[in-house]
Amino acid sequence: MLNSILNQAQQKAVLTHDGPILVIAGAGTGKTRVLEHRTFELIKKGIDPKSILLLTFTRRAAAEMLARAARHDRRAQDVSGGTFHSFALATLQRYGKAVGLETFTVLDRGDSEELIGKIISDLRLGSKKYFPKKHTVLNILSKTINKDISVEQILEDEYPHLYEWAQAIELVGINAAKYKRQRNLLDFDDLLYYLHSILEENEMIRSKIHEKYHYIMVDEYQDTNKIQAKIVHQLANGSGNILVVGDEMQSIYRFRGAEFTNMIEFPRLFIKTQQIPLETNYRSTKEILNVANNVLDQVEGEGFKKHLTSDRSGQKPEYHQFKSSRKEAEWIAEKILSSSRNGESLDEIAVLFRAAYQSAPLEIELAARGIPFKKFGGIRFVETAHVKDVLAHLKVVVNHFDELAWRRILLLIDGIGEKSVENIMTRSDLSELKGQTLLEQSGYFKLRPLFELLMKINKEELTSSEKLSEIINYYKPILRSKYDDYPQREQDLDALIELSQPYEKDEDLLNDFALDPPDQSAMEITTADNEYVTLSTVHSAKGLEWGTVFVIQAQEGKFPIVRPESKQVDIEEERRLFYVAVTRAKKRLFITSSHGSMRGFYDSWYMSKMSRFVEPMIESKVVESNLLQESNPWKSPFSKNYSFGSSVSDIPEEDVDEF
DNA sequence: AAACACCCGATTTTT
DNA sequence: TCGGGTGTTT
Ligand SMILES: Nc1ncnc2c1ncn2[C@@H]1O[C@H](COP(=O)(O)OP(=O)(O)OP(=O)(O)O)[C@@H](O)[C@H]1O
């Protein structure tokens, strides 16, 4: 029976259950199917589903995989699955007491950045010219944890121009760690860090976990980082039954500390590793794989050269250039419309781009034609300011010591700024929400409504959504004075109440929102039942597939993103990203770019060129190309009246790109 | 001194 | 659309 759905290599991976296994799976070679059936086989054999641990890159991926396996056998629903971070959270909630972690709140990226910003200004580093921005500092400190190396080392490798700040940045890190520990706050990196140290230091907990999980599977292993690899090692040291799957060529999270060399390290870490390569692509046509293989050939150095093969054939991928992103968007919208009229399901169509903001023109064109779409990637609903404001009130009730949340809600009140917040923080007892001592002092009467709210919602018997309703009532006037576009935002808040319905405990709601933010905005939630076109960043499209794929904005500088500090390794990652993008397509692939004039002189020059990833495809004729007449930027229709003194208004308006 | 209002500029990717 | 920086108001 397996014969008809799995090839030899896949069957070997599915049927080998003991010992360490490394599955090297090229794009579209059926690794998802392997994980699905291996889970099923294990359960069929009588293995307790709870003793199977499936670690994936997103929670969505885990849920999907288990849902598929559950179609063969319902028990698959009970398999332990999730991301490294959600697994860490669950484990720490269960065993954290032993290491002094009682209840805690998880900080999302925004919260962590805010904290770093606060510490930078406390240390008066903000006033120094050239001190890096808070998000850069956070990135550096985060890599310290994820790659398990020193600040100095990171600076030397990736930010040589910031080397002089090594000690200051280290100090920020130390202070941030102290701050978080005192207030029971954990960020994403802390989750991994604490999990790792518990496994390392606490023998009792380690053996309990070893007893619990006998079969471990890790998906997307090429995008794990050092600390995750160590955790895998620790976990697998129990039963020794560990299977990891990955594809070096699809490693796209280096910026977050991922190291695809983990794939190479794995057989060294686990001596008796069986390696199983999957090489037949079942997803795409030959013509699409020619494009993918062209990208493979572009890779610098040796090692990644193995071509993908398939025996299905179809239409040749196309590359089209446009004079503006608006024209590009119009063309795609029309193309989607006609495909749909020809009977293609919108669910089988995706538009992929490098950065979330690049889909804006297309969103307008799709909306104008009434084509339903859903966008993945970019700023999420729960990361918008107004939703974070509301959630901060709930956080304060859950964890009275969450000073970051206190800060946020206090700053919303008229007449309260940084200094007042500092005063309030030092002068009041946070453990009681009454604010007694404060309210008696003159000047703080403005705080009365806030404390009344907090008292009101600090009750066990209220559900999370009831609490949120109260908060939103209090917050609405603030929202209206703060934002002109408040009607839309009020809708979002109603959606928030909907999203909170399933939760029993406030903590679970808050942690889930941090770890797995719902990624649809309110409007899209209401239309979610029907077919829709997917708009997604390439990162968020990882592991997925569609009949028709458009890869847009393929201009040099945009895809790949090239910045003055970009190194060869960065470009190589961009190239892998492009590879991931084109390998999502099953039948039809369109690559597009727009070459409108940009406002900046420098940009304009860059923008006029096509992506360095596309050029070789034209040369080797693996794409059908439709180029603008004059490809030399200096002679293009827009630059003939372009001189140092000319203004943008010289250019016909419809061809001006505003992005 | 602290809070606020306004303008400018730039814009990766995410657990 | 957002955040940061600067100049103005309380
Ligand atoms: N043995 C097989 N025979 C026929 N089709 C298969 C086989 N294995 C997998 N497929 C199909 O091939 C496609 C790609 O499979 P899958 O999504 O598992 O690939 P993948 O390895 O996860 O790809 P990627 O790494 O690019 O995300 C799917 O549509 C799947 O149904």
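Predicted model only: the values in this text are computed from it and were never measured. Quick note on labels: first sequence line is chain A, next is B, and so on, each numbered from 1. Hydrogens, waters and symmetry mates are skipped; everything else that's a heavy atom, side chains included, is used.
- Within the structure, every side-chain polar atom (N or O) of A/Thr58 is placed at least 4.0 Å from both OP1 and OP2 of B/dT14.
- When the P atom of B/dT14 is taken as reference, atom OH of A/Tyr253 falls 6 Å away, rounded to whole Å.
- Within 4.0 Å of A/Ala514, counting heavy atoms only, lies no atom of the nucleic acid at all.
- For A/Phe266, the ring pair (Phe, Tyr, Trp, His ring centres under 6.0 Å) criterion is met by A/Tyr221, A/Phe270, not counting sequence neighbours.
- Between A/Val421 and A/Glu573, the residue anchored closer to the 5' end of DNA chain B is A/Val421, taking for each the nucleotide with the nearest heavy atom.
- Among residues two or more places apart in sequence or in another chain, the salt bridge (Lys or Arg N to Asp or Glu O under 4.0 Å) test is passed with A/Glu572 by A/Arg575.
- By the 5.5 angstrom centroid cut-off and the 30-degree plane limit, A/Phe255 is classified as stacked against the base of B/dT13.
- With sequence neighbours left out, the salt bridge (Lys or Arg N to Asp or Glu O under 4.0 Å) criterion links A/Asp148 to A/Lys230.
- Rounded to an integer number of Å, the gap from CD of A/Glu220 to P of B/dT15 is 12 Å.
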>> Walk along nucleotides 1-10 of chain C from 5' to 3' and tag each nucleotide B, S or - by protein heavy-atom contact under 4.0 Å, base first, then sugar-phosphate.
In response: SS-S------
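- In this structure, the side-chain contact (heavy atoms from CB on, under 4.5 Å) partners of A/Ile478, at least two apart in sequence or on a different chain, are A/Leu412, A/Tyr474, A/Tyr475.
- The ring pair (Phe, Tyr, Trp, His ring centres under 6.0 Å) test applied to A/Phe255 returns A/Tyr253, A/His539, not counting sequence neighbours.
- Partners of A/Arg181 by salt bridge (Lys or Arg N to Asp or Glu O under 4.0 Å), not counting sequence neighbours: none found.
- Straight-line distance from the CG atom of A/Asp219 to the C1' atom of B/dT15: 15 Å, rounded to whole Å.
- The closest side-chain donor-acceptor pair between A/Glu265 and A/Thr261, if any, does not fall under 3.5 angstrom.
- For B/dT15, the OP1/OP2 oxygens have a side-chain nitrogen or oxygen of A/Arg380 closer than 4.0 Å.
- In the model, A/Gln222 has a side-chain atom that pairs as donor or acceptor with a side-chain atom of A/Glu220 under 3.5 Å.
- Distance NE2 (A/His539) to C1' (B/dT13): 4 Å, rounded to an integer number of Å.
- Taking atom CG of A/Asn225 as the reference point, atom P of B/dT14 lies 17 Å away to the nearest angstrom.
- Counting any heavy atom pair closer than 4.0 Å across all strands shown, A/Phe57 reaches sugar-phosphate atoms only and no base atom.
- Across the protein-nucleic acid pair, A/Asn146 atom CG and B/dT15 atom C1' stand 9 Å apart, rounded to whole Å.
- A/Lys395 and A/Thr105 share no donor-acceptor pair across their side chains, judged by distance under 3.5 Å alone.
- OP1 or OP2 of B/dA3 sits under 4.0 Å from a side-chain N or O of A/Ser420.
- Projected onto DNA chain B by closest heavy-atom contact, A/Glu418 and A/Glu574 fall at different nucleotides, the more 5' of which corresponds to A/Glu418.
- Under the salt bridge (Lys or Arg N to Asp or Glu O under 4.0 Å) criterion, no residue pair touches residues 79-93 of chain A, with sequence neighbours excluded.
- Rounded to whole Å, atom P of B/dT14 lies 12 Å from atom CG of A/Asp223.
- The interatomic distance linking A/Arg254 (CZ) with B/dT13 (C1') rounds to 13 Å, in whole Å.
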Can you check nucleotides 4-10 of chain B for protein contacts, nitrogen or oxygen pairs under 3.5 Å, and list what you find?
unit_1	atom_1	unit_2	atom_2	d
B/dC4	OP1	A/Gly415	N	2.7

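- Among the heavy atoms of the strands lying under 4.0 Å from A/Arg109 is at least one base atom, whether or not backbone atoms are also near.
- For A/Ser86, no side-chain nitrogen or oxygen approaches OP1 or OP2 of B/dT15 to under 4.0 Å.
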